[in-house]
Amino acid sequence: MARPFQGMRILSLALNLPGPAALMRCRSLGARCTKLEAPARAGMSSDPMASYSPQAYTAMHQGIRTVTADLKTDAGQAVLHRELQRTDLLLTSFRPSALKKLGLQWRSLHARYPRLAVVQIVGATGVHAEAPGHDLTYMAESGLVPGLDLPASLYADMGGALLTSEAVLQARLLQLQSGQGVRLEVALSNAARYLALPRDWGLTQPSGTVGGAHAGYRVYPCKDGRVALAALEPHFVAALCQQLGVPAADAATMQTDTMHAAVARWMSAHTCQQLETLSARHDIPLCTMGL
């Protein structure tokens, strides 16, 4: 794997999921990563993720050097600034008011460390910068929580982590080009809106090609489970139609009730194992799942 961040020194104050997930990714790209955490209180880590999921916390912090310091004290501030003296990029996930209380506003940091780059993870920007929120609320705002079920993953947080690692790369390139630090901001609400673009474009709406209108791109029940079918391109459709015993269909035909019914009947007549075998033999993209 390419390691473009080799030798880069990152200090993170970011908690929960987006920051640590981004730091994990930066480390995999070669960065030397340090995480500064407040002291544990009553046996509880200052990073809530350690309580939510010790497994996730451990996975994200493998190979990450951890330093303990209370930034609300002079001693903690001394530790922070000792670390910043040997840091190329600082990663935070605090609201603007918290950054101000900790003396971490961009203006003061840039004056003290002109070459330091900063990437700030926030929930939202502008007038909403102080509003409380989490992955679920950002997903809901973007229309990605259509029913009462929770999304299958923390998409805004993980999308935000990817955008953060992208921002780290941007900041590093600008830093190396100019010799000066730069501040970039990543909003989790923007990450959710980016993930929602296919829905906004109509692609994943019920009338959209990958929203259920195309009979080759749906989830169907089979004899002993479920099948995620993704036969969109003409050659995949032709292979599917051959198994159905019908002529190769065009895109319009694949959106008819007749074709939907034909695929549903065929799926219900086969087991997961049979469908996996047919998929491998006839080059049909599908994935079988349990009930």
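FYI, the numbering just counts along the sequence from 1.
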Exercise. Does Q255 use its side chain to pair, donor to acceptor, with the backbone of H214 at less than 3.5 Å?
Worked result: no
Seminar exercise, completed: In this structure, CG of L244 is separated from CE of M267 (nearest 0.5 Å) by 8.0 Å
Exercise. With distance as the sole test, does E185 use its side chain to make a donor-acceptor pair with the main-chain N or O of V122 at under 3.5 Å?
Worked result: no
Exercise. What is the minimum heavy-atom distance between G123 and Y138, and which atoms define it?
Worked result: CA-OH, 3.0 Å
Exercise. Does M24 belong to the same Ile/Leu/Val/Met/Phe/Trp/Tyr cluster as L29, with side-chain heavy atoms less than 4.5 Å apart forming each link?
Worked result: no
For this session: Any chance you could measure L71, atom CG, to Q77, atom CD, to the nearest 0.5 Å?
Result: 5.5 Å
Exercise. Under 4.5 Å between any side-chain heavy atoms of L102 and L80, yes or no?
Worked result: no
Problem set entry | Side chain to side chain, K100 and F94, heavy atoms closer than 4.5 Å | no
Exercise. Would you say R226's side chain and G290's backbone share a donor-acceptor pair under 3.5 angstrom?
Worked result: yes
Exercise. In the single-linkage hydrophobic clustering (I, L, V, M, F, W, Y; side-chain heavy atoms under 4.5 Å), do M8 and L173 co-cluster?
Worked result: yes
Problem set entry | Q120 and L99, any side-chain heavy atoms less than 4.5 Å apart | yes
For this session: Could you walk me through whether L240 and M254 pass side chain to side chain contact (heavy atoms under 4.5 Å, CB included), step by step?
Result: CA-CA 11 Å; L240 175 64; M254 289 300 291; 4.2 Å; yes
Exercise. Where the side chain of D135 meets the backbone of D157, is there a donor-acceptor pair that is under 3.5 Å apart?
Worked result: yes
Exercise. Can a donor-acceptor pair be found between the side chains of T34 and R65 at a distance below 3.5 Å?
Worked result: yes
For this session: Start with the C-alpha gap between Q205 and R199, add the side-chain angles, then the distance that decides, and say whether side chain to side chain contact (heavy atoms under 4.5 Å, CB included) holds.
Result: CA-CA 6 Å; Q205 298 283 359; R199 181 176 174 83; 3.6 Å; yes
Exercise. Given a cutoff of under 4.5 Å between side-chain heavy atoms of I, L, V, M, F, W and Y, with clusters grown through shared members, what are the other residues clustered with V145?
Worked result: L136, M139, L144, L150, Y155, L195
Exercise. Does the side chain of L188 reach to within under 4.5 Å of the side chain of P18, using non-hydrogen atoms?
Worked result: yes
Exercise. Can any side-chain N or O of R183 pair as donor or acceptor with the backbone N or O of V118 at less than 3.5 Å?
Worked result: no
Exercise. For the atom pair CG (L89) and CZ (R9), what is the distance rounded to the nearest 0.5 Å?
Worked result: 11.5 Å
For this session: Taking R218 for its side chain and L229 for its backbone only, find out whether a donor-acceptor pair lies under 3.5 Å.
Result: no
For this session: Check G7 against D88 and note the closest heavy-atom contact, atom names and distance.
Result: O-OD2, 4.0 Å
Problem set entry | Inter-residue atom distance Q170.CD - L184.CG, 0.5 Å rounding | 6.0 Å
For this session: Would you check if M60 and L17 make a side-chain contact, meaning some heavy-atom pair closer than 4.5 Å?
Result: yes
Exercise. Does D70 reach the main-chain N or O of P39 with its side chain, forming a donor-acceptor pair under 3.5 Å?
Worked result: no
For this session: Output yes when a side-chain donor or acceptor of Q175 lies under 3.5 Å from a complementary backbone atom of V182, and no otherwise.
Result: no
For this session: Compute whether any side-chain donor of one residue and acceptor of the other, for T66 and E37, lie under 3.5 angstrom apart.
Result: no
Problem set entry | Parallel, tilted or perpendicular, as decided by the 30° and 60° cut-offs, for the rings of H270 and W266 | tilted
Exercise. Residues two or more places apart in sequence or in another chain: which of them pass ring pair (Phe, Tyr, Trp, His ring centres under 6.0 Å) with H110?
Worked result: W106
Exercise. So, does R25 use its side chain to make a donor-acceptor pair with the main chain of A161 at under 3.5 Å?
Worked result: no
Problem set entry | Residues L84, R112; criterion side chain to side chain contact (heavy atoms under 4.5 Å, CB included); working and verdict | CA-CA 10 Å; L84 286 175; R112 190 166 180 175; over 6 Å; no
Problem set entry | Side chain to side chain, C222 and T288, heavy atoms closer than 4.5 Å | no
Exercise. What heavy-atom pair brings G160 and A191 nearest, and what distance separates the two atoms?
Worked result: N-CB, 3.6 Å
For this session: Could you tell me which non-hydrogen atom of A192 sits nearest to which non-hydrogen atom of A156, and how far apart they are?
Result: CB-CB, 4.0 Å
For this session: Using the rule that two of Ile, Leu, Val, Met, Phe, Trp, Tyr join whenever any of their side-chain heavy atoms come within less than 4.5 Å, decide whether V210 and W201 are in one cluster.
Result: yes
Exercise. What are the two closest heavy atoms between V237 and A249, and how far apart are they?
Worked result: CG1-O, 3.5 Å
Exercise. How about R86: does its CZ atom have over 12 heavy atoms from other parts shown lying under 6.0 Å from it?
Worked result: yes
Problem set entry | Heavy-atom pair of closest approach, residues P20 and K35 | CG-NZ, 4.4 Å
Seminar exercise, completed: Interatomic distance, CG@L15 vs CE@M49, rounded to 0.5 Å, equals 10.0 Å
Exercise. Does the pair S93 and N16 meet the rule for a side chain to side chain contact (heavy atoms under 4.5 Å, CB included), with working shown?
Worked result: CA-CA 9 Å; S93 62; N16 275 317; over 6 Å; no
Exercise. Is there a path from L203 to Y194 through hydrophobic residues (I, L, V, M, F, W, Y) whose side chains come within less than 4.5 Å of each other?
Worked result: yes
Exercise. Is the side chain of S165 donor-acceptor paired with the backbone N or O of L162 at a distance under 3.5 Å, no angle test?
Worked result: yes
